[in-house]
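Notes for the one structure printed next.
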Amino acid sequence: MSVIPKSYYQSTDVVALSKDLLGKYLISNVDGNYTSGIIVETEAYRAPDDKACHAYANKRTPRTETMFAIGGTCYVYICYGIHNLFNIVTAPEGMAHAILVRAIEPIEGLDIMKDRRMMSMTKKESCNGPGKFTRCMDITKKQNGIDLSSKKSALWIEDRGLRIPKTNIISGPRVGMSTAEECSHWPWRFRIKNNKWTSKPDVVNYHK
DNA sequence: CACGGGATCGTCT
DNA sequence: GACGATCCCGTGT
């Protein structure tokens with residue numbers, strides 16, 4: 001039940017951290033409603049060279065400013081006007097790296113999550129998307145910029161000893177990127193092999 | 001199961 | 001004023 005310390009997030013290898021975060025527990029304690037889940041799918045974003053990253057070319061705007069914060073900071077933004085997407089900022093302050101959490105396996109507080117989602121948590125469709133589990137855990141822009149390495153926060157991450165062997169980690173291209181062109185092919189999307197709580201596996205196919 | 005379109009609004013040009 | 005690091009539902013097979 002140990003909270004992952006801020007030092008963990010200072011690595012400049014955001015790809016390695018994206019893999020290492022698989023199997024860690026994301027805890028939400030918003031307004032006293034405790035829910036948790038295991039991170040089963042992640043995606044890496046890395047400024048300045050990654051065109052798919054909001055902070056591509058180290059572009060600073062009111063929105064991207066959070067990405068430049070110290071590793072261990074929470075970055076939440078709204079996508080398509082509806083969905084709150086949850087990211088973990090990594091690397092030292094000034095370096096805009098982040099990891100998008102794309103899916104979790106719901107573990108605790110299933111009744112609370114069910115009410116928020118209006119869907120049974122035994123269904124694999126309940127949390128297998130970045131806009132889905134945030135709804136279950138009430139993650140919103142209110143949490144943008146908070147510290148993920150403290151249990152005093154509304155959100156934090158724990159290492160409960162679960163270990164995912166490297167042979168059980170699948171990598172693939174990132175999704176949902178029409179303008180980032182070649183960067184979308186970078187295999188920076190990671191998920192736990194044979195885990196029913198990940199989003200539908202994409203077939204890697206560069207031939208059509 | 002694949003595909004297509006609508007929802008909906010913050011963000012940046 | 002256009003565009004999303006998405007989701008859901010309808011239609012057709």
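Worth knowing before you read on, the calculation uses all heavy atoms, side chains too, and leaves out hydrogens, waters and symmetry mates. Quick caveat, the model's predicted, so the values are computed rather than measured.
- A:E108 CD to A:M121 CE: the interatomic distance, rounded to the nearest 0.5 Å, is 14.5 Å.
- Nearest nucleotide to the A:P130 side chain, out of B:dT11, C:dA5, C:dC7: C:dC7.
- Look at OH on A:Y75: it is 11 Å from C1' on B:dG10, rounded to the nearest Å.
- The pair A:R102-A:E43 meets the salt-bridge criterion, since a charged nitrogen lies less than 4.0 angstrom from a carboxylate oxygen.
- The hydrophobic clustering, which links ILVMFWY residues whose side-chain heavy atoms are closer than 4.5 Å, places A:L162 and A:F190 together.
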Output the pairing pattern of DNA chain B as a dot-bracket string, 5' first, Watson-Crick or G-U wobble with both distances under 3.5 Å, | for cross-strand pairs, [ ] for crossing pairs.
|||||||.||||.
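- Rounded to whole Å, atom C1' of C:dA5 lies 17 Å from atom NE2 of A:H97.
- A:I70 is listed as a side-chain neighbour of A:Q10, based on a closest heavy-atom distance under 4.5 Å.
- The OG atom of A:S36 sits 9.5 Å away from atom CH2 of A:W156, with the distance rounded to the nearest 0.5 Å.
- Proximity of residues 12-22 of chain A to DNA chain B (heavy atom under 4.0 angstrom from any strand atom) is not detected for any residue.
- Side-chain contact between A:R116 and A:T35 is present, with heavy atoms from C-beta onward closer than 4.5 Å.
- Contact annotation: the side chain of A:F133 never approaches that of A:P106 to less than 4.5 Å [non-hydrogen atoms, C-beta and beyond].
- Side-chain nitrogen and oxygen atoms of A:K141 include at least one within less than 4.0 Å of the OP1 or OP2 phosphate oxygen of B:dT11.
- Atom pair A:H54:NE2 and B:dG10:C1' shows a separation of 11 Å (rounding to whole Å applied).
- If you take NZ of A:K59 and C1' of C:dA5, they are 14 Å apart, rounded to a whole angstrom.
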Anything under 3.5 Å between a protein N or O and an N or O of nucleotides 4-8 of chain B, put it in a table, one pair a line.
unit_1: B:dT8; atom_1: O2; unit_2: A:Y80; atom_2: O; d: 2.5

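- Base engagement by A:L100 is indicated by at least one non-hydrogen atom pair under 4.0 Å involving a base atom.
- Counting only heavy atoms from C-beta outward, the side chains of A:T140 and A:V76 never approach each other to under 4.5 Å.
- A:K142 places its NZ atom 14 Å from the P atom of B:dG10, with the value rounded to the nearest Å.
- By the 5.5 Å and 30° criteria, A:Y45 is stacked with the base of C:dA5.
- We find that CZ of A:R174 is positioned 12 Å from P of C:dT6, with the value rounded to whole Å.
- Computed from coordinates, the A:L85 CG to C:dC3 P distance equals 20 Å when rounded to whole Å.
- The shortest distance between side-chain heavy atoms of A:N144 and A:Y77 does not fall below 4.5 Å.
- Of the side-chain N and O atoms in A:R102, one or more sit less than 4.0 angstrom from OP1 or OP2 of C:dT6.
- Side chain of A:C79, nearest nucleotide from C:dA5, C:dC8, B:dG10: C:dA5.
- Between the C1' atom of C:dC8 and the NZ atom of A:K123 lies a distance of 13 Å, rounded to the nearest Å.
- Across all strands, A:R117 comes closer than 4.0 Å only to sugar-phosphate atoms, never to a base (heavy-atom distances).
- Using a 4.0 Å cut-off between a side-chain N of Lys or Arg and a carboxylate O of Asp or Glu, A:R174 and A:D50 qualify as a salt bridge.
- A:V15 and A:I164 fall within a single hydrophobic cluster, where Ile, Leu, Val, Met, Phe, Trp and Tyr side chains are chained together by heavy-atom contacts under 4.5 Å.
- Considering A:D147, A:T66, A:I157, A:I146 in turn, A:I146 is the only one that fulfils the side chain to side chain contact (heavy atoms under 4.5 Å, CB included) rule with A:C74.
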